[in-house]
Amino acid sequence: MTLRLYNDLTRKKEPFVPIREGEVAFYVCGPTVYDYFHIGNARPFIVFDVLRRYMEHLGYRVTYVQNFTDIDDKMINRAHEMGISVQELAERFISAYREDAEALGVRRPTHSPRATHHIDDIIALIKRLVEKKHAYVVDGDVYFDVQSFPDYGKLSQQSLEDLQSGARVDIDIRKKHPLDFALWKAEKPGEPSWESPWGRGRPGWHIECSAMSTAMLGPTLDIHAGGSDLIFPHHENEIAQAEAATGMPFVRYWIHNGYLMIDQEKMSKSLGNFLTARAARGKYPPLAIRLFMLSAHYRSPINFSEEGLLQAKSAAERLRNCSLELDEALRGKTASGHSPLVEEIAGHRQAFMAQMDDDFNTAGALGSLFETVRAVNGHIKEELLPSRAGLEAARRFLDEAEEVMGVIKAPVADDPDRERIERLIAERDEARKVKDFTRADALRDALASEGIILEDGSQGTRWKREI
RNA sequence: GGCGGCAUAGCCAAGUGGUAAGGCAGAGGACUGCAAAUCCUUCAUCCCCGGUUCGAAUCCGGGUGCCGCCUCCA
């Protein structure tokens with residue numbers, strides 16, 4: 001089986017073939033660090049992190065680059081509002097980003113370049129575009145000349161005319177074409193600026209991604225990903241800038257995730273209908289948030305709702321319970337020799353991989369994972385001793401799935417309250433022995449209110465925390 | 001106006017020509033002091049109309065409804 005990905009450039013699923021065998025140059029548009037990111041922004045971060053993990057699992061060496069936009073209009077305005085420098089603002093929200101991303105199980109990118117650390121790369125790229133007559137200078141601003149790039153619109157499948165006719169852009173008479181966009185913006189008083197061949201100024205938004213991605217990954221990337229709302233104009237512009245400058249294809253596979261909706265509307269900062277990732281992870285377990293994001297195909301819209309998150313939470317608990325159950329069974333007595341469970345697990349694992357290979361169908365893959373759960377639970381419940389080989393096969397597959405999706409294990413951390421909890425459980429067991437169920441249930445309820453769940457089994461009482 | 005997406009059980013959702021995965025919730029049963037967890041059983045003909053086909057949720061045509069991009073936006 002080979003991995004196939006839907007490529008927005010060709011509008012087809014295509015076998016994934018990297019430029020350099022065994023390696024993947026992968027770029028994802030990162031956040032503008034002027035505020036906390038919301039749960040809609042979190043979708044690409046989580047979903048593409050899983051794609052990265054899956055590719056690593058397949059054995060690819062993935063160089064995963066996700067930028068921080070730390071200079072633009074929003075940064076400047078917010079810094080003014082807050083009475084701090086743009087740089088301070090950036091530092092603050094880069095740390096916030098990292099805390100939230102880590103809490104959501106998103107792995108650190110290989111590189112996290114910041115626009116302000118790559119001004120030289122950006123200037124060099126603009127210079128090249130000016131030299132090649134793909135850009136022109138007006139009063140210290142530099143604009144990209146869209147009419148000089150015949151392929152403009154190839155990603156969004158729109159001609160210049162189409163784009164222009166629906167455009168809601170203010171006409172700027174200094175521009176040759178209304179869709180020409182700023183590569184460099186001349187300095188304004190009170191704004192951060194850098195020296196350049198066109199005078200002091202700062203980079204436009206689109207240029208940073210072209211400059212940093214090619215600087216770190218070479219002229220042609222294997223994968224460039226981001227939200228669908230970036231297709232036009234951001235990614236279209238990135239293509240124009242990079243290809244006009246290098247004359248080489250910029251990206252082989254363009255991948256875009258669907259929106260996160262709320263009340264049938266796209267969640268977005270400007271609509272004000274957002275929930276920050278920070279608030280969301282205070283309200284719902286990260287495992288549930290991840291499972292929720294992976295429960296639909298990455299290109300479909302997904303509706304954020306209380307009910308949806310609670311469903312995901314219950315489902316995540318089922319996965320976690322199975323994993324705990326499996327560990328316990330492995331610590332106990334087991335039978336040697338063959339068991340059909342081994343083959344059954346192998347089948348589910350194969351299905352899981354096939355789903356992931358098919359344009360990264362996480363929802364389908366989760367189906368196989370849950371079928372594994374049922375098989376394992378059923379096997380453990382049987383009267384006979386569970387099969388060592390079967391349990392081990394299951395453990396290996398669950399670990400593998402966990403490595404890729406990160407939806408099974410709750411964060412472990414030794415529980416600081418362990419002694420106290422176990423003392424209370426012992427007390428409850430005493431009460432149960434003498435049939436003082438009122439007292440036993442009161443103790444159980446007290447623990448439950450702290451999020452501690454008790455399970456009475458034939459081997460005694462077990463406890464676990466809510467996920 | 002241009003471009004694109006979606007419509008599958010109470011809810012979420014996979015499936016894109018061969019007779020409907022999975023999850024959540026519900027019902028019945030097993031287990032339990034009661035729960036919890038778990039297991040077993042049960043729960044849909046795929047928005048509408050027409051067509052192609054031996055056969056369609058899946059293809060084609062026509063509707064209806066919802067969403068998005070064309071401005072900053074993941």
Side-chain angles (χ1 to χ4, degrees), chain A residues 8 11 28-32 37-48 72-74 153 156-159 161-170 179 181 205 225-234 236 256-261 264-271 274 291-292 294-297 299-303 305 307-322 324-325 351 355 358 361-374 376-382 432 435-438 440-441 444-445 448 453-458 461-464:
Chain A
D8 278 306
R11 315 225 154 196
V28 181
C29 285
T32 301
F37 65 93
H38 62 68
I39 195 72
N41 300 325
R43 187 172 184 193
F45 302 153
I46 290 173
V47 130
F48 296 129
D72 81 335
D73 290 348
K74 288 198 294 273
S156 45
Q157 312 269 306
Q158 297 265 284
S159 68
E161 294 69 47
D162 295 337
L163 287 164
Q164 199 182 340
S165 65
R168 287 168 280 172
V169 204
D170 291 333
L179 291 171
F181 54 92
W205 174 43
S228 317
D229 43 6
L230 297 183
I231 292 174
F232 190 88
H234 187 53
E236 199 69 73
H256 296 94
N257 63 276
Y259 301 123
L260 184 109
M261 314 290 285
Q264 300 304 334
E265 230 179 7
K266 177 183 166 189
M267 181 181 283
S268 76
K269 277 269 162 61
S270 41
L271 289 171
F274 61 90
L291 189 66
F292 173 76
L294 299 175
S295 68
H297 187 92
R299 281 192 280 111
S300 308
I302 186 170
N303 199 51
S305 68
E307 192 184 6
L309 267 291
L310 293 179
Q311 289 184 2
K313 183 184 171 190
S314 300
E317 273 166 349
R318 180 166 164 83
L319 292 175
R320 203 264 306 243
N321 286 340
C322 176
L324 293 173
E325 204 66 54
Q355 296 281 8
D358 182 14
N361 188 344
T362 53
L366 282 170
S368 306
L369 194 53
F370 280 105
E371 291 185 80
T372 304
V373 166
R374 180 148 32 87
V376 169
N377 287 337
H379 183 79
I380 291 174
K381 189 167 170 78
E382 278 174 14
R432 290 176 71 212
K435 306 248 191 259
D436 182 357
F437 295 120
T438 312
D441 290 350
R444 184 170 63 194
D445 291 346
I453 301 164
L454 302 192
E455 289 170 3
D456 300 326
S458 52
T461 300
R462 291 189 304 196
W463 67 278
K464 66 189 179 197

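Atom set for the values below is all heavy atoms of this structure, side chains included, hydrogens, waters and symmetry mates excluded. Note on naming: letters A, B, ... go to the chains in the order of the sequence lines (proteins, then strands), and numbering restarts at 1 for each one. Quantities reported herein were computed from a predicted structural model and do not represent experimental measurements.
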Let me have the donor-acceptor pairs involving side chains of residues 361-369 of chain A, under 3.5 Å, with sequence neighbours excluded, atom names and distances please.
{"from": "N361(A)", "atom 1": "OD1", "to": "A363(A)", "atom 2": "N", "distance (Å)": "3.4"}
{"from": "N361(A)", "atom 1": "OD1", "to": "G364(A)", "atom 2": "N", "distance (Å)": "2.9"}
{"from": "N361(A)", "atom 1": "ND2", "to": "Q355(A)", "atom 2": "OE1", "distance (Å)": "3.4"}
{"from": "T362(A)", "atom 1": "OG1", "to": "L294(A)", "atom 2": "O", "distance (Å)": "2.7"}

- Query: Using a cut-off of 4.0 Å between protein heavy atoms and nucleotide atoms, how would you tag nucleotides 10-16 of chain B 5' to 3' with B, S and -?
  - Reply: -BSSSS-
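- Comparing rC67(B) with rU8(B), their P atoms are spaced 15 Å from each other, to the whole Å.
- rA7(B) and rU16(B) have their C1' atoms separated by 15 Å, with the value rounded to a whole Å.
- With sequence neighbours excluded, no residue forms a ring-ring contact (aromatic ring centres under 6.0 Å, His included) with F48(A).
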- Message: Assess the residue pair R432(A) and T461(A) against the criterion (side chain to side chain contact (heavy atoms under 4.5 Å, CB included)); give the C-alpha distance rounded to whole Å, side-chain angles, the decisive distance to 0.1 Å, and a yes or no.
- Response: CA-CA 11 Å; R432(A) 290 176 71 212; T461(A) 300; 3.6 Å; yes
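- Under the Watson-Crick or G-U wobble criterion, with both distances below 3.5 Å, rC72(B) is left unpaired in every strand shown.
- Under the side chain to side chain donor-acceptor pair (under 3.5 Å) criterion, R299(A) pairs with D359(A), sequence neighbours left out.
- Mapped onto RNA chain B by nearest heavy atom, H234(A) and L310(A) fall at different nucleotides, with L310(A) at the one closer to the 5' end.
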- Query: Could you go step by step and tell me if D229(A) and K266(A) meet the side chain to side chain contact (heavy atoms under 4.5 Å, CB included) rule?
  - Reply: CA-CA 10 Å; D229(A) 43 6; K266(A) 177 183 166 189; 3.2 Å; yes
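- For the pair I231(A) CD1 and rC69(B) C1', the computed distance is 8 Å after rounding to whole Å.
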Return the polar atom pairs (N/O with N/O) between nucleotides 43-48 of chain B and the protein under 3.5 Å, or none.
none

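- Atom pair L366(A):CG and rA21(B):P shows a separation of 17 Å (rounding to whole Å applied).
- Using atom P as the reference point in both rC47(B) and rU38(B), the two lie 32 Å apart (nearest Å).
- Taking atom CG on L369(A) and atom C1' on rC24(B), their separation rounds to 16 Å, with Å as the unit.
- Within 4.0 Å of M267(A), counting heavy atoms only, lies at least one base atom of the nucleic acid.
- Partner assigned to rG4(B) is rC67(B), using Watson-Crick or G-U wobble distances below 3.5 angstrom.
- Taking a pair to require two hydrogen-bonding distances under 3.5 Å in either a Watson-Crick or a G-U wobble arrangement, rC31(B) remains unpaired.
- In this structure, Q158(A) and Q164(A) have side chains that are not in contact, with every pair of non-hydrogen atoms separated by 4.5 Å or more.
- Distance noted for atom P between rA35(B) and rG17(B): 48 Å (whole Å).
- Put simply, CE on M261(A) is 13 Å from P on rC66(B), counting in whole angstrom units.
- rU16(B) is unpaired under the criterion used here, namely a Watson-Crick or G-U wobble arrangement in which both key atom distances are under 3.5 Å.
- Residue K266(A) is classed as a base contact, given a heavy-atom separation below 4.0 Å to a base.
- F45(A) places a side-chain heavy atom less than 4.5 Å from the side chain of P31(A).
- Across all their heavy atoms, Q264(A) and N303(A) have their closest contact at N-OD1, 3.6 Å.
- For the pair E371(A) CD and rG22(B) C1', the computed distance is 6 Å after rounding to whole Å.
- Using N1 to N3 plus N6-O4 or O6-N4 for Watson-Crick, or N1-O2 and O6-N3 for G-U wobble, each under 3.5 Å, rG26(B) pairs with rU42(B).
- Using atom P as the reference point in both rC24(B) and rU19(B), the two lie 26 Å apart (nearest Å).
- Within 4.0 Å (heavy atoms only), Y259(A) reaches at least one base atom of the nucleic acid.
- When the C1' atom of rC67(B) is taken as reference, atom CZ of R299(A) falls 16 Å away, rounded to whole Å.
- In this structure, the nucleotide among rC69(B), rA74(B), rG2(B) sitting nearest to the side chain of L230(A) is rA74(B).
- Qualifying ring-ring contact (aromatic ring centres under 6.0 Å, His included) partners for F181(A), counting only residues two or more places apart in sequence or in other chains: F144(A), H206(A).
- Scored by the salt bridge (Lys or Arg N to Asp or Glu O under 4.0 Å) test, E371(A) finds no partners at all (sequence neighbours excluded).
- Among the protein residues, P233(A) comes within range of the sugar-phosphate backbone only, with heavy atoms under 4.0 Å from sugar or phosphate atoms but none that close to a base.
- Distance check on atom C1': rA14(B) versus rA44(B) gives 14 Å, rounded to whole Å.
- Rounded to whole angstrom, the span from the CD atom of Q158(A) across to the C1' atom of rG68(B) amounts to 13 Å.
- Residues satisfying the ring-ring contact (aromatic ring centres under 6.0 Å, His included) criterion with H297(A), sequence neighbours excluded, are absent altogether.
- The separation of rG65(B) from rC48(B), taken at their C1' atoms, amounts to 11 Å, rounded to a whole angstrom.
- Between the CZ atom of R11(A) and the C1' atom of rG5(B) there is a distance of 10 Å, given to the nearest Å.
- Taking the C1' atoms as reference points, rG18(B) lies 12 Å from rU53(B), given to the whole Å.
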- Task: Let me have a per-nucleotide readout for nucleotides 29-40 of chain B, 5' to 3', with B, S or -, counting only protein heavy atoms under 4.0 Å.
- Result: ----BBBBSBSS
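- Legend: residues meeting salt bridge (Lys or Arg N to Asp or Glu O under 4.0 Å) with K269(A), ordered by chain and number and at least two apart, are absent.
- Of all nucleotides listed (rA25(B), rC72(B), rC70(B)), rA25(B) comes nearest to the side chain of S314(A).
- Judged as a side chain to side chain donor-acceptor pair (under 3.5 Å), and not counting sequence neighbours, S305(A) has no contacts.
- With sequence neighbours excluded, the residues that form a salt bridge (Lys or Arg N to Asp or Glu O under 4.0 Å) with K464(A) are E455(A).
- As the counterpart of rU53(B), no nucleotide is assigned, since no Watson-Crick or G-U wobble pattern has both distances under 3.5 Å.
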